[in-house]
Each structure stands twice: as C-alpha cells, then as structure tokens.
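A short write-up of the structure that comes next.
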Amino acid sequence: METKFIFVTGGVVSSLGKGIISASIGRLLQARGYKVTIQKFDPYINIDPGTLNPYEHGECYVTVDGMETDLDLGHYERFTGIHTTRNNSITTGRIYKTVIDRERRGDYLGKTIQVVPHITDEIKHRMLRKDEKDEHLDFVITEVGGTIGDIESAPFMEAIRQLRWQLGRDAVCVHLTYVPYLKAADELKTKPTQHSVKELQGMGIQPDILVLRTERHLDDHLRMKVASFCNVDLECVVQSEDMPSIYEVPVNMQRQGLDAAILRKIGIPVGETPTMKSWHDFLDKQHNAKREVQIGLVGKYDLQDAYKSIRESLNLAAIYNDAKARIHFINSEEITHANVAEKLAGLAGIVICPGFGQRGIEGKIIAAEYTRTHDIPTFGICLGMQMMVIEFARNVLGYKDANSREMDEKTPHNVIDIMEEQKSITQMGGTMRLGAYECELVKGSRVCQAYGKETLIKERHRHRYEFNNAFKKEYEAKGMKCVGINPAANLVEIVEIPEKRWYIGTQFHPEYSSSVLNPHPLFMSFIKACIDIDNAETLS
Ligand code: GLN
C-alpha cells in the first residue's frame with residue numbers, strides 16, 4: 001500500500017490534547033496491522049525545544065538519535081511503542097535554517113527566496129519524509145502545533161493545502177476543536193467549531209474529520225448540526241469526551257469510529273474492529289488498581305508538564321504493580337534541613353528530578369541525604385543522580401565542598417565534572433551528550449536484577465556533566481557502587497547503594513523509554529520497592 005498521510009490540526013483553543021489524539025490514531029492504526037509514524041511540526045522559530053525553559057513548553061523529550069523534541073513525541077512513543085527520530089520533530093526555525101543555509105550556498109541560483117514556494121516546499125518535503133530512510137510506512141501522521149488562525153502556522157497550513165490537492169485521497173485532514181458548555185444557558189455551543197472550520201476553509205482546507213473535544217456528551221442532533229454547517233459527513237464528526245485517563249482515549253476513539261472514518265475517507269476497506277487486548281488488559285489493571293502509592297517529585301518546576309515523562313512512567317509502573325501513583329511535587333528551593341522531614345513525610349518513595357543550573361540544587365542534596373539516612377526508596381535521574389553523588393561526597397566521604405563543575409568551577413572535589421569533549425563547546429542547543437548510549441550492568445546489582453536478562457542496555461541521555469572517575473574507588477569503598485558503565489567511554493551511568501532498600505541514581509533518562517505496553521524496568525522495580533516497604537511498615 002502506498003503511504004497515506006494524516007494531518008492533525010487544532011482550533012478554538014490550545015491544550016485540547018492534539019498530541020493524545022494523534023497518538024491514539026497511531027495506536028488504532030497499528031492495532032489494524034499498519035506501520036505508522038507520528039511527527040510534530042511546531043511553528044516556533046527555535047531550532048528545537050532544547051534551549052526552551054520548561055515553563056514555556058513543558059519537558060523536553062529526547063529521541064534515541066539524540067534530538068531534543070516537543071513533549072508530544074513522548075505521547076507518540078508511549079502510546080505506540082515506536083521510536084521516533086530527529087525528523088519526527090520539526091520547527092519553523094529548522095525549516096528556515098535549511099532554506100537560508102541553502103540560499104547562502106548559492107543553491108537557488110539567484111532566485112528570490114520566498115515563503116511560498118521555498119518555505120512551503122521545504123515543509124512539504126519534510127511532511128512527506130523525503131529524506132527519511134524509513135522502512136515502508138503505511139501511515140504518516142503529522143500533527144501541527146498551535147491553533148488555526150495563528151499567523152505563524154500559516155505556511156504549514158498552506159503546505160497541507162497543497163499536499164491535500166496533490167495527494168488526493170491519500171491524505172486526510174483531521175481537525176480537533178472544542179465544544180464548550182455554557183452553564184448559565186445550560187447549552188453546548190458549536191459556534192466556535194463552526195468559526196474554526198471556516199478559518200480552515202478560508203485557507204483552502206476542508207477538514208475530512210472533526211474531533212470535538214467536550215466535557216459533556218454531544219447528542220446526534222448536535223453532531224448533525226456541526227456536520228451540516230461544516231460540510232463534514234455525520235460519521236466523520238467524532239466526539240472526544242473528557243476521560244478519567246489519557247490511556248482511555250484510544251479505545252474511546254475506536255468506539256466513536258475515528259479509525260474507521262479515516263480508512264473510509266482514504267478508501268481502504270474497514271474490516272473488523274481490532275480487539276486491542278493488551279491495551280484493554282492494561283486499562284483493566286488501571287481500573288482495578290485501588291491501592292495508592294505516594295511518590296514525591298523533588299524538583300524546581302512547579303508545572304505538571306515539566307516532568308511529564310517521569311510522571312507517566314511512575315503512573316504506568318504503578319498500574320502494572322496494581323496501584324495508583326499519587327504524585328506530590330516538592331519544590332526543592334523550599335527544602336531545608338529544618339523542614340525536610342516534614343516535606344517528605346508520608347511518602348513511600350522519592351524521585352530527585354533532572355535539571356540544569358544552581359536553582360534548587362541544595363534542596364535536592366538535602367532530600368538525598370534525608371532519604372539515604374532514613375532508607376527511603378530514592379530514584380535520582382540525571383541531575384538527581386548527580387546530587388546523590390555530591391551528597392555522598394559531602395556527608396560520607398567528608399568532602400564538604402564537593403560539587404559539580406556546573407555549579408562550582410573551582411572546587412577541588414569535582415565529583416561531577418565536565419566531559420573532555422564538552423570543554424571546547426560554546427554553542428547552546430544540541431551540544432550535550434544526547435540520545436541513546438550503551439551501558440553495561442554489573443552482575444548481581446539491583447539494577448541488573450531489575451532489567452532481568454539483559455546486561456547490556458541502551459538508554460537515552462541529555463547532559464554535559466559526568467561522574468568523575470577519579471573518585472570512583474572512594475565511592476565504592478564507602479558503599480556507593482558504580483553498577484552501570486558505558487563500555488565505549490568508561491563513564492559511570494548508574495550508582496546504587498546496595499545496603500539501602502532502593503537508592504539508585506541514573507545518569508540517563510529511563511523515563512523516555514517507558515511505554516503503555518512496556519513499562520520501564522527501573523520504574524517497575526522502584527514502585528514495587530515503594531509498595532513492598534510501605535506494606536511491611538504498615539503491618540509492623
Ligand atoms: N545539568 C546536568 C548536566 O548537564 C544534568 C542535566 C539533566 O538533568 N538532564 O549534566
């Protein structure tokens with residue numbers, strides 16, 4: 001089958017969950033045996049979100065091949081289990097940079113370079129994945145960030161318009177809008193949807209399918225109204241009511257016939273509805289998980305999306321351990337020696353979060369000391385692991401001035417240091433140790449048990465600084481073991497204190513490779529330890 005293209009746009013307001021809908025479409029098509037990929041086109045000028053403050057766009061997700069991307073790629077991977085790559089996350093900045101670099105090289109032979117056709121051609125080229133060496137794909141799902149009507153997304157819309165025209169039935173446009181409920185009038189309102197579709201039509205795009213986000217059920221009469229005002233078939237007006245969990249969205253979309261509508265539009269026989277057994281098994285577990293496990297996230301960003309993949313990895317691991325993760329954010333800037341006991345009270349386990357820069361690191365170190373000395377399960381990720389290492393140097397090895405080179409240029413006890421190859425780098429953005437690297441696990445360690453059969457794992461990185469091997473012997477002698485080593489560079493990737501119940505830090509980010517059907521082994525092991533210890537303590 002020739003590759004088909006699905007474009008997902010959004011209207012009325014942002015935050016409707018376009019990423020979740022795109023991921024759900026991917027999952028549903030996969031369930032029918034199709035090979036899919038999902039890509040995101042973001043209309044901002046940054047080359048990638050790597051240098052963006054998480055307060056602006058939430059977490060930065062990292063692909064296996066080392067691209068810093070939008071957090072929606074995390075949804076794509078968690079829902080579908082596919083690996084995305086650097087070409088699954090494109091920004092206006094990257095498009096312009098390619099075109100401008102080409103112009104500087106003289107490739108355009110003196111032509112005037114314009115938004116149409118040069119920028120739009122480059123967008124189309126990438127939407128069609130012309131440079132990708134993908135194995136054959138049946139569907140490419142392209143989500144466009146932002147909301148219809150934004151000035152900045154206009155070139156993307158023009159590219160979609162042209163592709164629709166060029167590809168005919170091989171392209172489908174799915175538009176996501178919002179149907180608000182007005183309490184005072186006790187009515188659901190379709191006008192914003194009508195306006196949003198008009199806006200799309202004004203750009204020459206007739207949506208094939210409308211997904212209406214709503215907090216209340218929409219009856220057939222209302223769907224009919226939307227269908228007739230927007231020139232869309234009734235069966236292609238799908239509603240997406242609020243769900244208790246994002247993981248219910250694919251099955252809800254299947255019930256509403258979203259995947260069937262897409263196939264019909266393209267002209268592919270719909271056939272039987274897939275059972276999605278493993279997905280339903282997961283949802284059953286989620287429904288039946290009664291017990292709660294209280295997890296503290298020690299970090300500096302008081303924003304749900306800043307630690308999205310960590311939160312989801314904890315949620316997934318808890319569900320597979322028949323529990324619900326209740327996640328409490330603890331602002332590390334507010335943690336002091338005097339209040340740490342109170343701040344961490346009642347938590348079964350603590351995650352010390354990744355991050356950059358000084359802000360909040362002392363609170364992370366205090367938290368690491370408290371959980372180490374009180375034997376509370378602790379999972380340090382990237383900067384979190386580095387803070388565990390610094391805490392151990394200060395309080396166990398006796399180096400009061402121990403620090404990371406990132407925070408203190410001069411300390412003689414630079415237990416976390418800059419990598420040799422990073423020293424000469426002055427450019428920001430894409431210059432860190434990024435993407436998946438191998439790691440050899442030490443046999444008999446807790447992490448080795450957690451991973452099961454594998455001893456050579458691959459995990460994704462995003463950092464500049466590293467455990468300083470000059471101190472390795474001292475750490476090991478005093479009980480903090482280096483149990484995961486990069487075989488090529490001899491870098492320490494994992495530390496653990498075996499005599500503690502669960503005290504593990506990883507230089508890599510395991511949260512990027514946890515998916516609905518394959519929760520990450522380290523998160524599984526961490527949550528299990530939290531639950532077991534909690535149970536034992538409740539009994540005693
Ligand atoms: N700031 C640290 C480094 O660059 C950790 C980065 C992170 O937590 N992702 O090494």
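We count ligands from 1, going down the list as the structure has it; atoms in each ligand are counted the same way.
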- Message: Students often mix this up, so state it plainly: with edges at 30° and 60°, are the rings of F379 and F523 parallel, tilted or perpendicular?
- Response: tilted
- Task: State, to 0.1 Å, how close I390 and S404 come at their nearest heavy-atom pair, and which atoms those are.
- Result: CD1-N, 3.5 Å
- Determine, for R291 against D534, whether the closest basic-nitrogen to carboxylate-oxygen distance falls under 4.0 angstrom. yes
- Message: Can you confirm if the NZ or CZ of R78 lies within 45° of the ring axis of Y76 and under 6.0 Å from the centre of its six-membered ring?
- Response: no
- Within the protein, residues bringing a heavy atom under 4.0 Å of ligand 1, chain by chain: P354, G355, F356, C382, L383, Q386, E406, R462, H463, R464, Y465, H509
- Distance under 6.0 Å and angle within 45° of the ring axis: does R359 meet both against Y301? yes
- Message: Quick one, C60 and R462 - any side-chain contact, counting heavy atoms below 4.5 Å?
- Response: yes
